[in-house]
Amino acid sequence: MNRRPLTVAVVGATGVVGRTMIQVLNEREFPVGELRLLASGRSAGRTLSIDGQTHDIQEATGAAFEGVDIALFSAGAGVSRELAPAAVRCGATVIDNSSAWRMDPEIPLVVSQVNPNDLEGHEGIIANPNCSTMQLVPVLMALRDTVALERVVVDTYQSVSGTGAEALAELEGQIRAHVAGEPKQASVYPHPIAFNALPEIDVFLRNGYTKEEWKVVTESRKILGLPDLRISCTAVRIPVHVSHSEAVHAETRDPITPDRARELFAAVPGVVVQDDPAAHEYPLASEAAGRDEIFVGRVRTDPSIADGRGIAFWVVSDNLRKGAATNAVEIAEVLVDRDWVGHATSRGAQRYRGPVPEEPAGGGTA
Ligand SMILES: NC(=O)c1ccc[n+]([C@@H]2O[C@H](COP(=O)([O-])OP(=O)(O)OC[C@H]3O[C@@H](n4cnc5c(N)ncnc54)[C@H](OP(=O)(O)O)[C@@H]3O)[C@@H](O)[C@H]2O)c1
């Protein structure tokens with residue numbers, strides 16, 4: 001990688017994703033000359049200690065991006081909508097973790113090992129997918145490229161860190177209340193999350209799906225370049241701290257055996273197959289936490305689909321790392337490696353143009 005030191009801003013630096021971003025930048029020795037940590041006015045003037053180093057926090061304002069080369073945003077869609085264009089006007093390239101820009105046809109939505117070439121035409125904003133989509137598409141890519149994908153059904157079991165720091169504190173509080181025999185107070189989620197499973201992640205749309213479920217549908221289609229892929233999702237929040245798990249049923253055009261699927265999955269960069277049911281070996285949220293890989297196991301034929309064209313499997317990954325921070329830093333690494341940090345028109349490259357998304361059946365957000 002070109003090691004010219006860059007000025008890197010992290011917006012939402014005090015949050016669970018922001019802190020992980022700083023950690024991943026350090027671990028991967030990303031060429032950071034100056035690290036600018038930005039958060040809300042509430043945190044301005046405070047310091048943040050990461051790996052024994054103390055950093056000052058500034059308020060995220062338009063002016064805070066002067067001189068920034070790359071800005072990693074993870075402070076929610078509202079902040080991204082307001083401040084990402086300001087950062088771009090200052091010359092920065094934004095890698096955004098929120099849902100603000102993902103389905104914009106002019107913004108590349110990228111998983112590093114699936115569609116890095118889409119980065120070439122960026123005009124300053126690049127979107128990082130939703131964490132549940134992120135861990136799914138590299139595995140689906142392996143099927144798309146060999147036996148062709150016809151239909152996918154995915155059910156998610158998502159950790160509480162996916163909602164952020166406040167939700168983690170709520171889960172801890174409810175566990176303590178339970179042990180003390182007191183009522184469990186819920187404010188982040190509509191019901192207690194401790195000892196529960198909540199089939200409601202993000203708001204409900206008029207088509208009966210939640211926005212989280214619909215993100216998996218539309219983002220997977222965009223990243224895989226399969227606008228007509230038949231795909232459905234049920235997203236469920238469970239009381240796990242870190243790592244999302246997914247049960248996936250895929251129907252392929254050509255037959256596929258479990259052995260062949262394991263080979264294909266293992267050949268995808270960043271994907272690890274863990275599949276020895278006799279030894280009780282399969283991906284676990286607890287073991288994926290803190291790791292950058294996507295783990296796949298429980299690979300088996302889906303007998304409900306004719307002619308050996310059905311395959312079922314279990315996918316687990318750390319939602320804060322590959323699901324957010326690691327992929328964002330991997331995108332930054334591709335930009336540096338290929339000399340694409342600058343905006344497309346300044347490099348004489350063609351602007352990115354992606355598919356125009358369809359409205360969900362039955363209308364928009366409820
Ligand atoms: N958690 C995940 O697994 C995950 C995965 C993919 C994407 N994301 C996305 O990443 C974003 C952050 O998630 P999180 O889980 O890290 O949330 P979090 O722990 O609640 O942190 C939120 C961060 O945003 C900052 N912030 C809030 N309002 C702000 C404002 N007006 N101006 C500037 N900064 C502001 C907060 O700063 P203060 O401390 O000053 O309030 C904090 O640093 C969200 O868009 C989320 O959808 C999360």
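Sequence positions, counted from 1, serve as the residue numbers for this chain. Order of appearance sets the numbers: ligands from 1, and atoms from 1 within every ligand. Model, not experiment: these values are computed from the prediction. Any value given below was found using the heavy atoms of this structure, including those in side chains, with hydrogens, waters and symmetry copies removed.
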Problem - Per-atom contacts of ligand 1 with Ala165, taking only distances under 4.0 Å to non-hydrogen atoms - result: 18 (P), 19 (O), 20 (O)
Practice task
Would you tell me which option among Val188, Thr163, Asn97 has the nearest heavy-atom contact to atom 8 (N) of ligand 1?
Solution key: Asn97
Practice task
Report the member of Ala75, Ser43, Gly41 with the shortest heavy-atom distance to atom 25 (C) of ligand 1.
Solution key: Ala75
Exercise for the section: Could you see which bit of Ala13 sits under 4.0 Å from ligand 1, with heavy atoms only: side chain, backbone, both or neither? Expected result: backbone
Practice task
Decide, yes or no, whether a salt bridge links Glu150 with Arg253 under the criterion of side-chain N to carboxylate O below 4.0 Å.
Solution key: no
Fill in the blank from the handout: Looking at Val10, Thr14, Thr61, the heavy atom closest to atom 39 (O) of ligand 1 belongs to Thr14
Exercise for the section: Closest by any non-hydrogen atom to atom 30 (C) of ligand 1: pick that one out of Asp318, Val79, Val242. Expected result: Val79
Exercise for the section: Measure the distances from the heavy atoms of Glu166 to every atom of ligand 1 and state whether one is below 4.0 angstrom. Expected result: no
Problem - Separation of Tyr352 OH from Leu119 CG (nearest 0.5 Å) - result: 10.0 Å
Handout entry: Path from Ile107 to Ile223 over hydrophobic side-chain contacts below 4.5 Å
Key = no
Practice task
Could you tell me whether Ser161 approaches ligand 1 through its side chain, its backbone, both or neither, with non-hydrogen atoms closer than 4.0 Å?
Solution key: backbone
Problem - Whether Thr7 side chain and Asp69 backbone form a donor-acceptor pair below 3.5 Å - result: no
